[in-house]
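Below is one structure; the comments refer to it alone.
So you know, we letter chains A, B, ... as the sequences are listed, proteins then strands, and number each from 1.
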Protein chains: 2
Amino acid sequence: SIEVKNVSKIYGRGNTEIRAVDDVSLQVKSGEIVLIMGPSGSGKTTLLSMAGLLLRPTSGDIWVNGVQATNLTERQLPQLRLNSIGFVFQAYNLLASLTARENIEIVSNLAGIHASQARQRSEELLTLLGLETRMDHLPSDLSGGQKQRVAIARALANDPPLILADEPTGNLDSKTGYEVMELLCCGLGRDQGRSIVIVTHDHRLRNIADRVLWLEDGKLSDKVVPETI
Amino acid sequence: SIEVKNVSKIYGRGNTEIRAVDDVSLQVKSGEIVLIMGPSGSGKTTLLSMAGLLLRPTSGDIWVNGVQATNLTERQLPQLRLNSIGFVFQAYNLLASLTARENIEIVSNLAGIHASQARQRSEELLTLLGLETRMDHLPSDLSGGQKQRVAIARALANDPPLILADEPTGNLDSKTGYEVMELLCCGLGRDQGRSIVIVTHDHRLRNIADRVLWLEDGKLSDKVVPETI
Ligand SMILES: Nc1ncnc2c1ncn2[C@@H]1O[C@H](COP(=O)(O)OP(=O)(O)OP(=O)(O)O)[C@@H](O)[C@H]1O
Ligand SMILES: Nc1ncnc2c1ncn2[C@@H]1O[C@H](COP(=O)(O)OP(=O)(O)OP(=O)(O)O)[C@@H](O)[C@H]1O
Ligand SMILES: [Mg+2]
Ligand SMILES: [Mg+2]
């Protein structure tokens, strides 16, 4: 689960100050899937990064799995992140010198999972995502959508109780995007209470959401703007 | 205009050989907008990169604006690219140490355009793309969709006769994506005969296309698979 309370983020100072996230509060329970949609530049990545403990809020509080993260020191955050959060980055952030499977296994190793079990897990996930023939390739030899799927597999590696995904289908065709949606919402034992927050521009993902929220100019609301046709 | 004739691309050797593009032929006339859709990993970026003279085909020929590019030496290609092709990269490929406007002005400078005219052009394009408040920011301070729009502006900087865009709306919300479509298809004097090839997963772009092609396992056809609902 995740709770964000009166959280704001200001970048810059003085004339160049920008209030990217403005007094946002949000709660996602176990087993819930919440979508956050909104215009480009509205603060979605900034909000998700704070929820994922990758960025300090300017003000406000954050609880991850019941732990008040905003009260922890910088040194305590990595452990909480590793064990509780699977983050899918908008730009994937894969390690360039590791193969697809190694990019996934490394997060299992860091969490103390045995090498053979880590290997089995990475193979299972990559196969579910249609990448069984690309497992030993470096990111530079993968297509955009293949890298995106490796990033998704990595977030699922340690079966975390919280998944935060930043535009996970942006580079996927309709069919592959559908399979990813299926996996996130219904595959891999989600009935065990995992919370999922998906930032997306893809209106089709609304089919798997319990709730859809709208972020505009850093402010959250539930008045979702329908698709422009 | 662009013509691609019996073009193939093979990556790797022996066991790891992958035929990413398989005997593809394609012709796009002046004033035409052609979409290329297809599954993730099917060869779209590879095909577009060869059309954009960024990647040598393993076999086949390519004509850009009537010039047989496959007959030129490596040293002759940059000039042809600079003057004839505007390329929007799937991963944007912006220069990290230059601001949004500088990323656009540098391609104008390289083409011999005066600094003041280059500046006017970059401001016009960034404003049309909704980025007037972000012109002096570095890519690291921009959202994913803002970087994507800078990449689009850069491709349009020198008003080239050929635009090749690799998934130009993947990180844009519906309304912003619509404005980009409008710009590509109908803004900026397209009636002057510019050819546009757009690789995309976004079925809404079909509204502005003259033709839609389908690439699967490196092979091109016109049997387009409809959206999975
Ligand atoms: N440098 C490379 N070395 C080896 N294989 C590569 C290389 N670049 C791409 N490939 C492979 O070639 C195939 C086609 O890649 P390409 O990037 O053209 O796909 P795409 O259609 O653009 O996919 P997406 O929609 O995911 O962007 C993929 O299977 C990819 O893994
Ligand atoms: N490090 C930074 N310094 C200054 N401004 C920033 C920084 N990072 C982001 N911004 C600005 O904050 C605003 C929100 O950015 P954010 O990346 O959260 O948007 P977003 O909703 O994810 O957009 P997109 O849909 O395009 O990915 C944008 O206007 C962006 O330019
Ligand atoms: Mg973003
Ligand atoms: Mg691609």
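Counting heavy-atom pairs under 4.5 Å between each of B:Leu172, B:Thr176, B:Val225 and chain A puts B:Leu172 at the top. Residue with the most contacts toward chain A among B:Gly177, B:Pro226, B:Gly145: B:Gly145 (heavy-atom pairs, distance under 4.5 Å). Ranked by heavy-atom pairs under 4.5 Å with chain B, the list A:Arg149, A:Lys147, A:Met37, A:His203 is led by A:Arg149. If you tally non-hydrogen atom pairs under 4.5 Å between each of B:Ser143, B:Gly12, B:Gly130 and chain A, the highest count goes to B:Ser143.
A:Ser174 and B:Glu227 share no side-chain donor-acceptor pair at under 3.5 Å. Counted by atom type alone, B:Tyr92 and B:Asn103 present zero donor-acceptor pairs between their side chains at under 3.5 Å. Under the 3.5 Å distance criterion, with hydrogens and angles disregarded, no donor-acceptor pair is assigned to the side chains of A:Thr99 and A:Asp136.
At a 4.5 Å heavy-atom cutoff, the contact between A:Glu167 and chain B is made by side-chain atoms alone. Only the side chain of A:Ile18 comes within contact range of chain B, with heavy atoms under 4.5 Å apart.
Of all residues spanning residues 39-60 of chain A, those with a heavy atom less than 4.5 Å away from chain B's heavy atoms are A:Pro39, A:Ser40, A:Gly41, arranged by number.
Residues A:Asn171 and A:Gly144 come closest through the heavy atom pair CB-C, 4.3 Å.
The residues B:Asp61 and B:Lys5 are annotated as not salt-bridged, no charged nitrogen and carboxylate oxygen being separated by less than 4.0 angstrom. A salt bridge does not link A:Asp173 to A:Lys175: none of the charged side-chain nitrogens sits closer than 4.0 Å to a carboxylate oxygen. A salt bridge between B:Asp159 and B:Arg194 is present, with a side-chain N of the basic residue lying under 4.0 Å from a carboxylate O of the acidic one.
Proximity of a side-chain donor or acceptor of A:Asp202 to a complementary backbone N or O of A:Arg204 within less than 3.5 Å is detected.
Crowding of A:Glu182 atom CD: a count of heavy atoms from other residues, nucleotides or ligands under 6.0 Å exceeding 12.
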